[in-house]
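All residue numbers in this chain count up from 1 along the given sequence. Everything numeric in this text was worked out from a predicted model, so none of it was measured.
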Amino acid sequence: MARVFVSKNPFTQQVYKNFEFASSSEVEAALTESANSFKVFSQKSFSERAQKLTALGQILREQKQELAHLMAIEMGKPLQSGISEVLKCAECCDYYAQNAENLLSDESFSLPDGKCYVKYQPLGPILSIMPFNFPFWMPFKMSIPHLMAGNTIILKHAENLPQCALKVDEITTQAGLEHEVKNLFLSIDQVKQVIADSRIKGVSLTGSVGAGKAVASLAASHMKKFVMELGGSDPFIVLQDADVQSSVSALVTARLQVTGCTCISPKRAIIAKEVYDQFESALANEVAKWSYGDPTEQETQLGPLAREDLADQLQKQIEDSVAMGARVVYGGERLGATMIQPTVLADVTPEMPAFRTEMFGPVFCLIKSENEEHAIQLANDTEYGLGASIFTGNKEKAEREIAPRIDSGMCFLNSPVKSIVEVPFGGVKNSGLGRELGGLGIKEFTNPKTVFIKN
């Protein structure tokens, strides 16, 4: 863990500024403000809260170029990807501003001896611990539904995103949420103290399995509700009747989003033996069309990895897998401190790091399946269970016979997995607990209070 929050350009390696951890008085002030604000904010009507979220969405749209540039220089995201991210945040604001009241409406029961319903009431201040890969989508994906539910948010962002974190503070303040969303530069010890504080009523973390287990354990020890959105090694299943070229195109676009650093990236491509060679050749040809560039330039396809340690880890995973028999079809070279050439690894088997561990970077892992049953077995042979994709010419059969047998929180047919603002997002096994977004996600930090009135 960094001693300070460091704003550093991963493409040029320029260090812009170091930010010290919050002082004890700053932490106390934020906790007090968040708790006091909750008492007022939770009593406001949905329409009053919606006005602030609608204003936030408008601010995001107006500042999309500036926010995209900030992501480009602080974590290496190409401008066009950054603009798309900001617009998705704005879409999320609009959706929950318009639909939260309905999603949180009372649930009534018909009972013979009285009236009964469940009312969803906000819990209080929620600690949000967010990762580096989506500097604005991650904190807003988490916070927007819970703000509309009436909670307040304390944000602890990734250590390499201090300027983005401050920007979240700035634009939420502009939207009239200066008391309801507070950013803090917290150390690990301070995170532990904040979770233990009685004013914090819940914790949401997006990050690694190790971090998730540590935070979930601590939250549970203090009887705090938590949501964990953790790692993934999503299978991308291509059956023998799939359209090879369209599935290759879908895989490349999805896998190279954020230079391969997304939890729902299709990290294991499980290809039917009948089309394996054709798929491998087509994939190598498509991947060869992608190259790195300055993320602040409009035409750039791939930005650098966000930190040098990510490149170090990815390089070791590639080298160890090759030593165990994986075949490099394309790429594999280290191009700089934070850049590894987009890589296609073929003949990957379950004992290799390329199969067994989460590879955060632009690496395609090809695994041959003997038949549909073998494909399902390979897909489920992982500690993770976030998303899964199935590409097939027979959607009805795949929906009926394959999708229900995949151990994942999400399963997409003839499409890569993606987050959708209206739909619950999350996984099973070591990919996490709980859900974000949708009717399930917005209720995670509410008290479903049963009310009964006897006849």
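Evaluation of the side-chain hydrogen bond (donor to acceptor under 3.5 Å, both in side chains) rule for S247 yields no partner, not counting sequence neighbours.
Side chains of F279 and V248 form a contact here, defined as non-hydrogen atoms less than 4.5 Å apart. Two residues are said to be in side-chain contact when any heavy atoms from C-beta on lie closer than 4.5 Å; L104 and F46 meet this criterion. Counting heavy atoms from C-beta outward, L166 and N183 have side chains that approach closer than 4.5 Å. When side chains are defined from C-beta on, V252 counts as touching W290, because their heavy atoms get closer than 4.5 Å. A 4.5 Å side-chain heavy-atom check between M75 and R307 finds every atom pair outside the cut-off. At least one side-chain heavy atom of L56 sits under 4.5 Å from a side-chain heavy atom of F140. For the pair R199 and T32, the minimum side-chain heavy-atom distance is below 4.5 Å. Residues F226 and L433 are in side-chain contact: their nearest non-hydrogen atoms beyond the backbone lie under 4.5 Å apart.
Using a 3.5 Å distance cut-off with no hydrogens or angles, the side chains of S187 and D189 do not pair a donor with an acceptor. A donor-acceptor pair shorter than 3.5 Å cannot be found between the side chains of T173 and E170. Looking only at atom types and distance, the side chain of S204 has no donor-acceptor partner in the side chain of S128 under 3.5 Å away. A side-chain donor-acceptor contact under 3.5 Å links E62 and Q58.
Nearest heavy atom pair, residue L184 against residue E26, reads CD2-O, 3.9 Å. Across all their heavy atoms, T300 and P78 have their closest contact at O-CB, 3.8 Å. Smallest separation of non-hydrogen atoms from S265 and A254: OG-O, 4.0 Å. In this structure, V168 and T172 approach most closely via the heavy-atom pair O-OG1, 2.7 Å. Nearest approach of G202 to F445, heavy atoms of both residues: CA-CE2, 3.8 Å.
With respect to the salt-bridge test (charged N to carboxylate O, under 4.0 angstrom), the residues D106 and K449 do not qualify. Taking 4.0 Å as the cut-off between side-chain N and carboxylate O, E383 and K429 do not count as a salt-bridged pair. A salt bridge between K316 and E319 is absent, with no side-chain N of the basic residue lying under 4.0 Å from a carboxylate O of the acidic one. Ion pairing between E351 and R356 fails under the 4.0 Å rule for side-chain N and carboxylate O. Contact check on R61 versus D94 returns a salt bridge, with a Lys/Arg side-chain nitrogen under 4.0 Å from an Asp/Glu carboxylate oxygen.
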Could you check E159 against F132 for side-chain contact (heavy atoms from CB on, under 4.5 Å), going step by step and ending with a plain yes or no?
CA-CA 8 Å; E159 290 85 353; F132 71 87; over 6 Å; no

Go through it in stages, so that I can follow the logic: the residues are M142 and I129, the test is side-chain contact (heavy atoms from CB on, under 4.5 Å), and I'd like the CA-CA distance, side-chain angles, deciding distance and then a yes or no.
CA-CA 10 Å; M142 177 272 163; I129 305 172; over 6 Å; no

Could you give me the CA-CA distance, side-chain angles and deciding distance for S7 and E74, then say whether side chain to side chain donor-acceptor pair (under 3.5 Å) is met?
CA-CA 6 Å; S7 182; E74 194 163 54; 2.7 Å; yes

Could you walk me through whether T382 and S233 pass side chain to side chain donor-acceptor pair (under 3.5 Å), step by step?
CA-CA 8 Å; T382 174; S233 186; 4.8 Å; no

Starting from the C-alpha separation in whole Å, work towards a yes-or-no answer on side chain to side chain donor-acceptor pair (under 3.5 Å) for Y120 and E107.
CA-CA 9 Å; Y120 295 93; E107 183 179 356; 3.2 Å; yes

List the steps and the verdict of side-chain contact (heavy atoms from CB on, under 4.5 Å) for L205 and L230.
CA-CA 8 Å; L205 178 141; L230 309 178; 3.6 Å; yes

Please test Y384 against V209 for side-chain contact (heavy atoms from CB on, under 4.5 Å), starting from the C-alpha separation and ending with a verdict.
CA-CA 9 Å; Y384 300 106; V209 173; 3.6 Å; yes

Salt bridge (Lys or Arg N to Asp or Glu O under 4.0 Å) between R435 and E229: does it pass, once the steps are laid out?
CA-CA 8 Å; R435 292 294 183 268; E229 200 275 275; over 6 Å; no

Go through the steps to decide whether E286 and S249 satisfy the test side chain to side chain donor-acceptor pair (under 3.5 Å), and finish with yes or no.
CA-CA 7 Å; E286 285 297 315; S249 297; 4.8 Å; no

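Residues F5 and F185 bring their aromatic ring centres within 6.0 Å.
Using modelled atom types, no side-chain atom of D381 and backbone atom of Q377 make a donor-acceptor pair closer than 3.5 Å. With R49 contributing its side chain and K44 its backbone, the two residues share a donor-acceptor pair below 3.5 Å.
Open room surrounds NZ on K418; 12 or fewer heavy atoms of other groups in view lie less than 6.0 Å from it. Taking a 6.0 Å sphere around NZ of K192, one finds it holds 12 or fewer heavy atoms contributed by other residues, nucleotides or ligands. Around CD of E399, the count of heavy atoms belonging to other residues, nucleotides or ligands within 6.0 Å does not exceed 12.
For the side chain to side chain donor-acceptor pair (under 3.5 Å) criterion with S37, the lone passing option out of H179, E180, K182 is E180.
The salt bridge (charged side-chain N to carboxylate O under 4.0 Å, His left out) analysis of residues 75-86, with sequence neighbours excluded, yields the pairs K77-E85.
Atoms CZ and CD1, from R268 and I367 in turn, are 6.0 Å apart once rounded to the nearest 0.5 Å.
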